[in-house]
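This report concerns only the one structure given below.
On a predicted model such as this, the values are computed, not experimentally measured, just so you know. A note on names: the letters A, B, ... follow the listed sequences, proteins ahead of strands, and every chain is numbered from 1.
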Amino acid sequence: MDKKTTLKIADLAKIEISNNELEEIASNLTKILKLVDEMNTISTDNIEPMAHPLNFTQRLRKDEVLENNQRNEFQKNCKYTDDGYYIVPKIID
Amino acid sequence: MYNKTLVELREEIVTKKVSSYELTKYFLERIKKFDKEINSFITITEEYALKTAKKIDQEISKNNMRALSGIPLAQKDIFCTENVKTTCGSKMLESFVSPYDATVVKKLKNAGSVMLGKTNMDEFAMGSSNETSFFGEVKNPWNFEYVPGGSSGGSASSVAARLVPCSTGTDTGGSIRQPASLCGVSGIKPTYGRVSRYGMIAFASSLDQAGVFAKTAKDCALLLTEIAGYDEKDSTSAEEKVINYFDICTKKFKPITIGVPEEFLDGLDNEVRKVFDDAIEIFKKEGCKIKKINLSNSKLGVSAYQVVAPAECSSNLSRYDGVRYGYRAKNVSDLEDLYKRSRSEGFGKEVKRRILVGTYALSAGYYDAYYLKAQKIRQLITNDFLEAFKNVDLILGPTTPDTAFKIGSKANDPIAMYLSDVYTVSANLAGLPAMSIPMGFKNELPLGLQIIGSHFDEDKILSLASHFQEITNWHDHQPKQKLLGLD
C-alpha cells in the first residue's frame, strides 16, 4: 500500500498519521495485505459467504421502550455537557 | 490456600472451614504483595470485595448458599462493571465508568462470587502478547522475561501466579486459549452465542465470545454453568438450553473418537510434537480411537481472520469519537480535528493498524475482494469442521505452535504476532467451542492441548479435559517463583 492510499484510508478512519509514522505504517499494512492475499490461492466460486457461524437468523423484538431514559447516568462519562447536550467545537458559523 | 482449586475452595466455604472474608482478604493480600512483578491487574476493587465478602458470610451463616458463594475472581477489563472503571486496556477508556454491569459480571455476582479486580489485557483485545496494553505489559509467571499471551494475558497470568483462583476472558481469535496455553492454566472459549456479550466491549462481533480461566477443567465447568445461557439483551445469544457442565465432569468417562488434523502437526516443532503425542497416547490408553482428519482450508484461517476481525473492529471502534465518552483531545480547531486527534491520541499503534486494515477492506471497490472473500473462506473452514465431526467426537491439537516468546521479540513484527494464533483462529471463524489445558512443558515453559468441539458440545470438551486431568498432573504444576510467594 502506497503512502497516498494510506493517508486516504486514515482520513476515512478519522485517524491522523504523522509524517514520521507514515512509512512504517504503510509498510506494515502492505505486509498484512500480502498475508491476506493468500486467500486468493483457492477458488471460492459458487461458495455462499457465511452469514452467521450457526446459521441463526437475527432475532427481532417488538419496537417497545423497555428502559427509562438514563441520559444523566451516561453523561457522567463526559466532562463537556450542558443541559443534557454534548459540547463540541462550533460547526455552524 | 493458593494452590486449591475452585471445587476445593467451595468445599472449604460450605463446611465453614474458611469464611468468604478470610478468603477474599487472603487473595487481595497476594495481589497487593506480588502483582507488581507481573502487572496482571489494572484495577483492584478491595473495598468492594471486602464489603461483598461480609455480605456473603452473613448469607452463609444463615445456610443460604449460592453456586459460587464466596469464590474470589477477577474480571477481564473488557467487561463493564457498574461504578468500577472499565478501560479495555486503552488510554481511550482510561477513566470510563460504566453505569451498568455486563451480563457475565451480573451472573457471577448473582452466583455469590466476589470480584477482586479487573485484569490487564491487550488494548481492545487486539494482541497475542499483552504488550499492546496502555497499562503496561503483563509478564509470564513462569519466566518474567516472557509474554503471558493475549489478549486475556492478565486473566491467565493472575491465575497461573495463584493471585486469584479463576478469572473471566474473551476470545476473538484465541485470546483465551493462547494465554491459557502459554501460562499453563485451563481456559475455555464456548460456542459463539453460548455466553451473553451484553456489556462486553466489542472487537469483532461475528467472532467475539466470553469464557473463563481456572486451574482445572472442572473449575471452568463450574463457572461456565453460571455464565452460559440466553440473554434477551444480546441479540446474538443462543436460546440453547444450558446443562450443568460440572455434573457432566463428575460422570464416568466413556471413550470417544478423537480427530487429529494433519494440518496442525505439519512442520510442528519436534519437542512440542513429542509433548502432544504423549497426550494422545494417554487417550489411546483410555480406550479412545484416534483418527487422522483433514482441515485443509484452515491454513487460510489467519488470512481470513485478518480481514474479518479488522473489518468488524473498524466498524465497532468508530463509536470512539471523543464526544460522548472516552478520551477527548485538547485544544482542537474543529469537529473533524476533535475526531481525528481524539482517536489518534487515544488509540495505540496496534488498534490503529487494525482500524486502517479494516477500513481499507471495507472501502468502496474492495468489499468483494476482501470481506466477502473472507466470509466465503470462513464457510469452507466451517464445512471442513462439520465434515470432520461426522466421524469424530472432538478434535485435538496443540493450542500454540510453541511456548511463550520473549517480551519484545515480536512486538515490531505484526505478521509473526498474528501467526501465533494459527491454531486458534479457525474455531472462532467457525463459531466452535474450544479449550486449552496444560499438557506438558518445553524448556520449563508450559504448553497447552487444544480441544475443539462441535457447536454446543462444551460438555464433551469439559468431560474429556477433566478426565485428562484425573490421570495427569500437568495442571497442578505451578511456577516456582519466590517473587510471587510460590515455592
Side-chain angles (χ1 to χ4, degrees), chain A residues 1 5-18 21 24-26 28-29 31-56 58-61 66-67 70 72-81 86-91, chain B residues 95-97 99 191-193 206 232 235-236 238 297 299-300 302-304 306-307 314 318 321 323-326 328 332-341 343-344 347 352-353 355-361 363 370 372-380 382 414-415 418 429-432 455:
Chain A
M1 193 183 312
T5 316
T6 305
L7 287 172
K8 189 192 151 208
I9 294 300
D11 183 55
L12 288 173
K14 298 279 171 269
I15 281 174
E16 223 169 44
I17 296 179
S18 67
E21 295 171 309
E24 191 202 336
I25 292 176
N28 276 324
L29 294 185
K31 282 184 207 155
I32 293 166
L33 292 177
K34 219 170 136 191
L35 169 79
V36 160
D37 277 340
E38 282 175 26
M39 293 196 302
N40 295 317
T41 55
I42 58 165
S43 159
T44 48
D45 298 345
N46 308 320
I47 304 291
E48 278 292 305
M50 177 187 274
H52 186 286
L54 298 154
N55 288 323
F56 287 179
Q58 181 71 44
R59 196 173 43 239
L60 300 174
R61 64 167 176 84
L66 300 174
E67 292 196 42
Q70 298 170 52
N72 292 343
E73 281 302 304
F74 284 90
Q75 286 201 330
K76 281 183 190 163
N77 271 296
C78 184
K79 282 186 219 154
Y80 310 92
T81 59
Y86 292 97
I87 301 167
V88 294
K90 197 168 162 187
I91 45 171
Chain B
S95 46
F96 174 72
V97 179
T191 308
Y192 180 75
S206 76
E232 60 176 15
S235 65
T236 63
N297 292 301
K299 64 177 184 295
L300 295 175
V302 173
S303 304
Q306 285 306 331
V307 172
S314 79
S318 65
D321 55 8
V323 175
R324 292 150 300 144
Y325 54 91
R328 183 189 279 221
V332 294
S333 56
D334 55 22
L335 192 60
E336 180 85 359
D337 195 35
L338 169 71
Y339 293 153
K340 280 192 172 171
R341 291 218 351 253
R343 289 165 66 76
S344 306
F347 290 138
K352 283 190 264 194
R353 184 148 55 213
I355 290 175
L356 292 173
V357 172
T359 304
Y360 181 72
S363 63
Y370 292 107
L372 203 71
K373 177 82 184 181
Q375 291 291 70
K376 288 181 177 184
I377 297 214
R378 239 180 126 172
Q379 191 60 57
L380 290 174
T382 307
I415 305 295
Y418 299 166
L429 292 167
L432 299 166
H455 295 127

Which atom names give the shortest non-hydrogen contact between [X] and [Y], and what distance separates them?
{"X": "B:Gly431", "Y": "A:Pro53", "answer": "CA-CB, 3.8 Å"}
{"X": "A:Ile15", "Y": "B:Lys340", "answer": "N-CG, 4.3 Å"}
{"X": "B:Val97", "Y": "A:Asn77", "answer": "O-ND2, 2.6 Å"}
{"X": "B:Arg328", "Y": "A:Cys78", "answer": "NH2-SG, 4.1 Å"}
{"X": "B:Ser303", "Y": "A:Met39", "answer": "CB-CG, 3.7 Å"}

Engaged part of [X] at the chain B interface, taking heavy atoms whose separation is under 4.5 Å:
{"X": "A:Ile32", "value": "both"}
{"X": "A:Gln70", "value": "neither"}
{"X": "A:Asp11", "value": "both"}
{"X": "A:Leu33", "value": "side chain"}
{"X": "A:Ser18", "value": "neither"}
{"X": "A:Lys90", "value": "neither"}

Contacting moiety of [X], where chain A heavy atoms sit under 4.5 Å:
{"X": "B:Leu338", "result": "side chain"}
{"X": "B:Tyr370", "result": "both"}
{"X": "B:Ala238", "result": "both"}
{"X": "B:Ala430", "result": "backbone"}
{"X": "B:Asn297", "result": "side chain"}
{"X": "B:Leu432", "result": "neither"}
{"X": "B:Ser318", "result": "neither"}

Counting heavy-atom pairs closer than 4.5 Å to chain A, which one of [options] comes out on top?
{"options": "B:Tyr360, B:Phe96, B:Phe347, B:Tyr339", "result": "B:Tyr360"}
{"options": "B:Ile355, B:Ile415, B:Val332", "result": "B:Ile415"}
{"options": "B:Lys299, B:Glu232, B:Arg324", "result": "B:Arg324"}

Are [X] and [Y] close enough that some pair of their side-chain heavy atoms sits under 4.5 Å apart?
{"X": "B:Lys373", "Y": "A:Asn40", "result": "yes"}
{"X": "B:Leu300", "Y": "A:Glu38", "result": "yes"}
{"X": "B:Ser235", "Y": "A:Arg61", "result": "no"}
{"X": "A:Ile25", "Y": "B:Arg353", "result": "no"}
{"X": "A:Met1", "Y": "B:Leu356", "result": "no"}
{"X": "B:Ser363", "Y": "A:Ile9", "result": "yes"}
{"X": "A:Ile91", "Y": "B:Asp334", "result": "no"}

Counting heavy-atom pairs under 4.5 Å with chain B, which one of [options] comes out on top?
{"options": "A:Leu66, A:Ile87, A:Ile42, A:Ile17", "answer": "A:Ile42"}
{"options": "A:Gln58, A:Lys34, A:Gln75", "answer": "A:Gln58"}
{"options": "A:Val88, A:Leu54, A:Thr6, A:Thr5", "answer": "A:Leu54"}

Quick one: do A:Lys14 and B:Glu336 make a salt bridge, cutoff under 4.0 Å?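 Yes.
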Drop me the distance from [X]'s [atom1] to [Y]'s [atom2], to the nearest 0.5 angstrom.
{"X": "B:Lys376", "Y": "A:Met50", "atom1": "NZ", "atom2": "CE", "result": "14.0 Å"}
{"X": "A:Ile47", "Y": "B:Leu372", "atom1": "CD1", "atom2": "CG", "result": "12.0 Å"}
{"X": "B:Gln375", "Y": "A:His52", "atom1": "CD", "atom2": "NE2", "result": "11.5 Å"}

With a 6.0 Å cut-off (strictly less than), is the heavy-atom count around NZ of A:Lys8, excluding the residue itself, greater than 12?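 Counting neighbours around NZ of A:Lys8, 12 or fewer heavy atoms of other residues, nucleotides or ligands fall under 6.0 Å, so no.
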